[in-house]
Amino acid sequence: MSFTAPIQTPGLTLDPQWFRRSVFYEVMVRSFVDSNGDGAGDIAGLSSKLDYLQWLGIDALWMPPFFQSPLRDGGYDISDYKAILPEFGTLDEFRDLVTKAHERNMRIVIDMVINHTSDAHEWFQQSREDPEGPYGDFYTWSDTDEKYENIRIIFVDTEESNWTFDPVRRQYFFHRFFSHQPDLNYENPKVHEAIYDVIRHWLDLGVDGIRLDAIPYLYQSEDGNGEGEPATHEFVKKLRAMVDEEYPGRIMIAEANQWPREVAAFFGTDDEPECHMAFDFPVMPRIFYSLRSQSAAELTRILSETTDVPDSAGWGVFLRNHDELTLEMVSEEYRQAMYGWYAYDPRMRSNIGIRRRLAPLLDNSRAELELAHALLFALKGSPFLYYGDEIGMGDNIWLNDRDASRTPMQWTPDRNAGFSTADPGKLYLPVVQSLVYNYTLVNVESQLAQSRSLLHWIRNVIHVRKAHPTFGLGEMEVLPTDHDSVLSFVRSYAGSGTSFGDSAEDILCVFSFAHNPASVTVVAPRFAGRKLFDLFGGGEFPAFDDEGRVQLTLGTQAFFWLHVGGPNVTPTLPISTVDGE
Ligand code: NOJ
């Protein structure tokens, strides 16, 4: 696949593979910083914190919808694709954000919710009122609610059917999500044109990529399950061709909550590419399973499954995001175990998942938070952090639905956690005030002041990752071990100049999920006789023996990132950590 040079904005480096090297940060505009004291975060507030994000080592922001919306689904219910919700700011403020981000070589990816709109969208209003009019076929209407019976209901907590009767048009309309989110009808070519127009609008404003929300669900068929139907893939290919042709260098990310092979289908092929990236939904719940079961077997299995991914495409890996921790991609047995460990209070559950943040899920265990992040930053794919998880923010399960983990960012111990100057009662959601995660204890300011805080630790790991292009661009091979609690893989990249001076690089990554110290033998015959060096401090470890075996001892829930050097290598130390800057 060839890339033409992207149109350059000041500050941005020319790098067609930027998304594979990037550390992403998901930031909900509403939740980050309120610049005008109205109680809700806004775009100007986000712009004011770009220095913080740059300091942390963030290369790209993912911004969930900030468009005109009744906000009945966190903005994923759009009523005007081209307008910004006034409480979030103006188009000029958005332009300013893009410019300021690009000046810092930081990219911006925005959400494109193209499967459905809000029922408040003008298209839907016209469709229901005037079936013969220009928008009459913009949605999927039917006289019966018995079509597409193979299609599952996603929001099982609130919806009983994927069809809702509209009293105005006196027909049923189809919806995959809430009944106020009618699905657009992709059988209608005019819908394609309208969506292209919206996407061009935002790409023209300089955004660097789009996350395609709910992408498997565009088309339905009587026989299929409506998830990744052939016609959906055809549409995504066509969209990719348009993006490559008109906006080279910009990217498309698939949100497809499916099994590995089905998600991988959204990468397309070298000849007919679809998305540049896809979120790795199958891996994420298995990380949480390993942490409690102390078994790495299932994680090892899923990571070993080979899926055809074009060379220039990449996974997006994540621990948490603005949705529930979905348990759709695990077996019923695993799901029940996970509910038992992580959602022992029914209020913690939502649909088929768990509506909690990372730190409370891990019971605020520093060892588990470090282990989970070390894995996130070492896996094949680009890591996506969720705002606030870098300081171990808590959640509020007394709030509705997924709002539990969308509370205001905690900046300081002051009023409203430094998020807003509004009367506390006016905030869009209250700040977290629980015993353990209270904003007076958990906030950016106090963690900046403690050199051993989670925030500093995460920043350091991000910078070590960035010093080794292997993590972003290298291959991954899972290695056998003799310990059920230990996951081991090697990341390899031919051609990176590293702190060790080699032209190619291999990094051995070992993670122990055991709740006690563990001794493990890792086997990699191709590394027979090679030396190992810690990637953080440079310390030398036992070498692989002549058969390519090495015995390592790990503390409770500990990990190693080890450079595999040649037999005669002496590294030039220290490796580039932030502390050593
Ligand atoms: C996926 C989004 O991540 C989620 O927040 C939303 O509710 C659904 N799509 C429907 O748009």
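Because the structure is a prediction, the values reported are computed rather than measured. Numbering of ligands and ligand atoms starts at 1, following listing order.
P285 pairs in a side chain to side chain contact (heavy atoms under 4.5 Å, CB included) with only one of the listed residues (L327, I302, I354), which is L327. The ring-ring contact (aromatic ring centres under 6.0 Å, His included) with W62 is formed by just one residue from the set F24, F19, F279; it is F279.
Relative ring orientation between Y135 and F138 is described as perpendicular, the plane-to-plane angle rising above 60° on a 0-90° scale split at 30° and 60°.
With sequence neighbours excluded, the residues that form a salt bridge (Lys or Arg N to Asp or Glu O under 4.0 Å) with R211 are D111, D213, E255.
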Provide, line by line, the atom pairs where ligand 1 and the protein bring an N/O atom each to a distance under 3.5 Å; else say none.
unit_1: ligand 1; atom_1: 3 (O); unit_2: R211; atom_2: NH2; d: 3.2
unit_1: ligand 1; atom_1: 3 (O); unit_2: H322; atom_2: NE2; d: 2.9
unit_1: ligand 1; atom_1: 3 (O); unit_2: D323; atom_2: OD2; d: 2.5
unit_1: ligand 1; atom_1: 5 (O); unit_2: H322; atom_2: NE2; d: 3.0
unit_1: ligand 1; atom_1: 5 (O); unit_2: D323; atom_2: OD1; d: 2.6
unit_1: ligand 1; atom_1: 5 (O); unit_2: D323; atom_2: OD2; d: 3.4
unit_1: ligand 1; atom_1: 5 (O); unit_2: R402; atom_2: NH1; d: 3.2
unit_1: ligand 1; atom_1: 7 (O); unit_2: D73; atom_2: OD1; d: 2.9
unit_1: ligand 1; atom_1: 7 (O); unit_2: D73; atom_2: OD2; d: 2.7
unit_1: ligand 1; atom_1: 7 (O); unit_2: R402; atom_2: NH1; d: 2.9
unit_1: ligand 1; atom_1: 9 (N); unit_2: D213; atom_2: OD1; d: 2.9
unit_1: ligand 1; atom_1: 9 (N); unit_2: D213; atom_2: OD2; d: 3.2
unit_1: ligand 1; atom_1: 11 (O); unit_2: H116; atom_2: NE2; d: 2.8
unit_1: ligand 1; atom_1: 11 (O); unit_2: D213; atom_2: OD2; d: 3.1

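Ionic pairing of K238 and E272 is not present here: no N-O contact between side-chain nitrogen and carboxylate oxygen is shorter than 4.0 angstrom.
When all heavy atoms of D389 and I458 are compared, the closest pair comes out as O-CD1, 4.2 Å.
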